[in-house]
Amino acid sequence: MKKPVKILVLMLLIITAALPAALAAEKNPNGTVVQVSGNYQMEIAPDTAYINLGTVTEAETVAAAQAKNADISTKIRSQLENLGIKSDYIKTAHYVVNPIYKYDDSGRRLPSIKGYQITNSITVTTSVEKAGEVVDTALNAGANQVNSIRFSKNDETDVKNAALAQAVRDALSKADAIAAALDKRVIRVTTVNENGVHLQSPETGSRLYAKAMADTASTPISAGLIQISANVQIAVELE
């Protein structure tokens, strides 16, 4: 029994030693490796708006400032829910309490506190068509800041994958063009690296205040288009 085992072990050693050479033989010794980049950009219409609204209140004590802020914030949420926006789509984004210091006639801040300021901001997720109505409703309910409005796509996965696929096609097209110019052809793709898929959403970042909106019957909001870009790096072998 020992002799057959020795023979089997010897055969395995021979096969193992010959394997790298066999794999190397599969590669084309006359092959040319070319690296190309693929890019793609497209624009799509957004269907979702993320609106950041703020309520700023001031009072001599923290408790009084909190009470004022809570009353207004509750009213805002109630009015937004009356628009059909579910509570899950109204989320607290920022809540901060700051002291309000006294200043002397020269503008130097004194160590004494004259009151407190509370800033409570929420992010509302809604459809693009309803964005203007959300802003108007919140301002009428007592909000005094519109910090930002960002537009996006509810399901970004499909559009990002589509852009990535187009970037790959762009890279392969370049590889074919290079191969044709060299009187060669692409025989295999050796490596593929994704360098990122980016979605650039239109956003309004300026703050709007209730007084500025007082004379406006309704707030017109234009979403614009979302730009999606994808980039890949591909290495191919020519012969």
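Of the inter-residue distances, the one linking Leu164 atom CG with Asn231 atom CG reads 9.5 Å to the nearest 0.5 angstrom. The structure places NE2 of His94 at 9.0 Å from CG of Asn147, a figure rounded to the nearest 0.5 Å. Distance check: Asn120 CG to Leu53 CG gives 10.5 Å after rounding to the nearest 0.5 Å. The line from OG1 of Thr74 to CD1 of Ile72 is 10.0 Å long, rounded to the nearest 0.5 Å. Atom OG in Ser152 sits 5.0 Å away from atom CG in Leu199 (nearest 0.5 Å). Rounding to the nearest 0.5 Å gives a distance of 10.0 Å between NZ of Lys160 and OG of Ser229.
Of the residues listed (Ile90, Leu139, Thr55), the one engaging Ile76 in a side-chain contact (heavy atoms from CB on, under 4.5 Å) is Thr55, and it is the only one.
Using a 4.5 Å cut-off on side-chain heavy atoms (C-beta onward), Ile221 and Glu133 make no contact. Looking at Ile149 and Val135, their side chains come closer than 4.5 Å, going by heavy atoms from C-beta outward. Residues Lys153 and Asp47 are in side-chain contact: their nearest non-hydrogen atoms beyond the backbone lie under 4.5 Å apart. Residues Val56 and Gln145 meet the side-chain proximity criterion, which asks for heavy atoms closer than 4.5 Å. Contact check for Arg188 versus Val236: no side-chain heavy atoms found under the 4.5 Å cut-off. At a threshold of 4.5 Å between non-hydrogen side-chain atoms, the residues Glu239 and Lys184 do not count as touching. Within the 4.5 Å cutoff, the side chain of Arg77 has no heavy atoms near those of the Ser87 side chain.
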Does the side-chain contact (heavy atoms from CB on, under 4.5 Å) test come out yes or no for Leu172 and Val189, once each step is laid out?
CA-CA 9 Å; Leu172 293 176; Val189 175; 4.0 Å; yes
Does the pair Thr123 and Ile51 meet the rule for a side-chain contact (heavy atoms from CB on, under 4.5 Å), with working shown?
CA-CA 5 Å; Thr123 298; Ile51 306 170; over 6 Å; no
Evaluate the criterion side-chain contact (heavy atoms from CB on, under 4.5 Å) for residue pair Ile228 and Gln41; output intermediate values, then yes/no.
CA-CA 6 Å; Ile228 299 174; Gln41 287 187 346; over 6 Å; no
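Side-chain atoms of Asn69 never come within 3.5 Å of backbone atoms of Ala65 as a donor-acceptor pair (strictly under, hydrogens ignored). Judged by distance alone, the side chain of Arg185 and the main-chain N or O of Leu238 form no donor-acceptor pair under 3.5 Å. Asn52 places no side-chain N or O within 3.5 Å of a backbone atom of Ala93 that could act as its donor or acceptor partner. Between the side chain of Ser173 and the main chain of Arg169, no donor-acceptor pair closer than 3.5 Å is present. Remark: side-chain polar atoms of Lys86 are not paired, donor with acceptor, to backbone N or O of Glu81 under 3.5 angstrom.
For Asp104, the CG atom counts as densely surrounded, since its 6.0 Å shell holds more than 12 non-hydrogen atoms of other residues, nucleotides or ligands.
Between Thr126 and Lys130 the shortest heavy-atom distance is OG1-CB, 3.5 Å. Smallest separation of non-hydrogen atoms from Asp170 and Ser37: OD2-O, 4.0 Å. Scanning all heavy atoms of the two residues, the minimum distance from Ala167 to Tyr40 falls at N-CB, 3.8 Å. Between Ile226 and Pro46, the closest heavy-atom pair is CD1-CB, 3.4 Å. Residues Ala64 and Ala59 come closest through the heavy atom pair CB-CB, 3.5 Å. Across all their heavy atoms, Lys75 and Ala141 have their closest contact at CD-O, 3.5 Å.
Following chains of ILVMFWY side-chain contacts shorter than 4.5 Å, one cannot reach Val146 starting from Tyr95, and the two form parts of different hydrophobic clusters. When hydrophobic clusters are built by joining Ile, Leu, Val, Met, Phe, Trp and Tyr residues whose side-chain heavy atoms come closer than 4.5 Å, directly or via intermediates, Ile178 is grouped together with Val168. Following chains of ILVMFWY side-chain contacts shorter than 4.5 Å, one can reach Ile118 starting from Ile113, so the two form part of one hydrophobic cluster. Cluster membership check: Val232 shares its hydrophobic cluster with Met42, using side-chain heavy-atom separations under 4.5 Å among Ile, Leu, Val, Met, Phe, Trp and Tyr. Cluster membership for Tyr50 and Ile122, using ILVMFWY side-chain heavy atoms within less than 4.5 angstrom, is not shared.
Both the sub-6.0 Å distance and the 45° axial angle are satisfied by Arg109 relative to the ring of Tyr101.
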